[in-house]
Enquirer: 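First, the structure itself, so that you have it in front of you.
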Protein chains: 2
Amino acid sequence: MEASTTTAARSARGRRPARVSGDERERAILATAERLLGERSLHEISVDDLARGAGISRPTFYFYFASKEAVLLALMDRLVAEARSGIELGMLARDPRGVVRRGIASVHDTFREHRPVALASIDVRAKSPAVRELWSRVMEGFVDESTAAIESERARGAAPQGVPARDLAIALNLMNERVFHASLSGEAPAIDEDAELDALVAIWLLAIYGTTDPPSAVD
Amino acid sequence: MEASTTTAARSARGRRPARVSGDERERAILATAERLLGERSLHEISVDDLARGAGISRPTFYFYFASKEAVLLALMDRLVAEARSGIELGMLARDPRGVVRRGIASVHDTFREHRPVALASIDVRAKSPAVRELWSRVMEGFVDESTAAIESERARGAAPQGVPARDLAIALNLMNERVFHASLSGEAPAIDEDAELDALVAIWLLAIYGTTDPPSAVD
DNA sequence: GACGTTGTCAACACTCTGTCGAGAATTCTC
DNA sequence: GAGAATTCTCGACAGAGTGTTGACAACGTC
């Protein structure tokens with residue numbers, strides 16, 4: 001796979017480099033990691049597997065990445081960028097139900113699309129401080145946005161006071177993460193993929209508004 | 001396959017304790033593991049650490065446990081037994097708010113009391129199928145009870161229809177697990193220990209009843 | 001006082017990680 | 001286009017862990 005031969009757009013001299021370029025090697029490692037993560041956990045993948053998959057020796061692997069966790073981190077960067085993109089909680093008042101649904105669906109879809117990476121990111125958190133920190137930052141971002149949205153809905157009178165907005169936001173976001181992880185990993189008590197979205201949206205709306213049919217702003 | 005799989009190399013009771021009995025050694029290993037888990041993760045604890053802590057050599061450790069995961073499994077047995085004991089969802093109709101609160105508080109307290117074990121149990125899930133399965137069974141138990149309670153409240157007319165009871169139960173229980181884990185591990189977005197209970201109880205009540213002040217049965 | 005059971009450990013075989021240093025390939029500089 | 005600088009590559013090493021083997025000691029039992 002990633003048979004290397006073509007299209008580096010590298011040499012204008014028409015001479016094919018006898019050696020594959022560094023960028024290509026790096027990409028090959030990333031691709032190998034993603035492929036292998038679809039089959040087994042990072043814990044069951046050795047640096048040697050990654051190196052061989054990319055057509056290099058183990059020591060050479062270390063020229064590109066400090067560890068296999070570093071590879072996952074690089075893979076996570078992409079995932080994170082994509083997951084963020086679907087959130088637009090600023091518009092919450094306009095169509096609460098729709099905005100909540102689309103926001104949750106966006107993360108849901110992104111995770112589904114990159115299942116191996118999403119799963120590994122969560123699983124490796126326990127072992128790798130760097131992964132833990134990156135994930136932490138991402139969750140923090142989601143929580144901040146959710147908190148602001150809840151507060152604004154309360155200010156507008158559409159949502160009742162109650163649990164501190166930030167606590168509510170944390171619990172709901174952590175719930176999503178855990179529910180996604182459960183269904184993605186196929187573990188024991190998990191919600192069916194098709195029902196997942198409905199359940200999460202309903203809980204968010206009930207927890208924030210006290211009803212699954214909150215009033216939209218009549219501008 | 002549900003009998004004590006935890007102590008791999010153990011055999012029949014009835015043996016009279018000798019000088020330094022096997023049971024004592026086993027307890028010493030367990031105690032060492034619990035102590036060490038208060039300082040670092042299972043991943044950072046070697047079998048040698050466990051053996052030395054219990055005053056035996058590494059090979060001897062394997063006489064008592066098949067691996068360090070097996071030690072955690074034994075520790076989990078206690079935790080699980082205790083966590084289960086505080087739940088009495090059968091009485092939900094009598095005092096919804098109080099029962100939910102006491103149920104969540106019970107698990108919360110148990111986890112706090114055995115923080116190292118609770119934390120390790122969740123963290124090691126990713127690596128150890130046996131731990132994953134045990135945890136799975138426990139969650140399944142919580143979910144079954146919650147589902148039955150929700151359905152009974154709906155039948156009684158105290159809780160509205162909506163999301164399938166089981167899906168609701170799964171999401172809420174997974175939320176609790178994740179929120180507890182976050183605050184226990186001191187990770188980034190987490191609810192303050194003192195506010196945790198209020199937040200979770202409120203979300204449970206809102207998700208099930210649509211209000212934080214559900215009606216109790218007026219027998 | 002032999003006998004099986006329980007308990008013990010030195011030594012071994014193995015897997016995996018991460019590093020070092022010597023050198024090959026490619027690009028830069030004049 | 002020769003040499004220097006940079007980028008890349010890997011054989012060989014040093015360690016940390018894991019789990020197993022086989023010999024052997026202590027003890028209760030008959």
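In what follows, every chain begins at residue 1, and chains take the letters A, B, ... in the order their sequences are listed.
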Enquirer: Rounded to the nearest Å, what distance is computed from the OH atom of residue B:Y64 to the P atom of nucleotide C:dT6?
Expert: 11 Å
Enquirer: For B:L30, run the side-chain contact (heavy atoms from CB on, under 4.5 Å) check against B:R25, B:R78, B:R35 and tell me which one passes.
Expert: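 Exactly one option meets the side-chain contact (heavy atoms from CB on, under 4.5 Å) with B:L30, and it is B:R78.
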Enquirer: Could you check A:E69 against A:R132 for salt bridge (charged side-chain N to carboxylate O under 4.0 Å, His left out), going step by step and ending with a plain yes or no?
Expert: CA-CA 11 Å; A:E69 276 77 28; A:R132 187 159 55 245; over 6 Å; no
Enquirer: Rounded to whole angstrom units, what separation is found between the CZ atom of A:R52 and the P atom of D:dT9?
Expert: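 Distance, rounded to whole Å: 16 Å.
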Enquirer: Measure from CD on B:E26 to C1' on C:dG7 and round the result to the nearest Å.
Expert: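 Between C1' of C:dG7 and CD of B:E26: 13 Å.
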Enquirer: Side chains of A:D144 and A:T147: is there a donor and an acceptor less than 3.5 Å apart?
Expert: no
Enquirer: Let me confirm one number: the CG-OG distance from A:N173 to A:S146, rounded to the nearest 0.5 Å.
Expert: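 One finds 4.0 Å between CG of A:N173 and OG of A:S146.
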Enquirer: Going 5' to 3' along nucleotides 10-21 of chain D, which nucleotides have protein heavy atoms under 4.0 Å from the base (write B), which only from the sugar-phosphate (write S), and which from neither (write -)?
Expert: BBB-----BBB-
Enquirer: Nearest-Å distance, CD (B:E24) to P (D:dA26)?
Expert: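 For the pair B:E24 CD and D:dA26 P, the rounded distance is 19 Å.
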Enquirer: Between A:W135 and A:E177, is any side-chain donor less than 3.5 angstrom from a side-chain acceptor?
Expert: yes
Enquirer: Within this structure, what is the CZ-to-P distance between A:F61 and C:dG18, rounded to whole angstrom?
Expert: 8 Å
Enquirer: Would you indicate whether B:R40, at its atom CZ, is surrounded by more than 12 heavy atoms from other residues, nucleotides or ligands within a distance under 6.0 Å?
Expert: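 It does: B:R40 CZ has more than 12 such atoms within range.
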Enquirer: Using whole Å, report how far CZ of A:F63 lies from P of C:dG21.
Expert: 17 Å
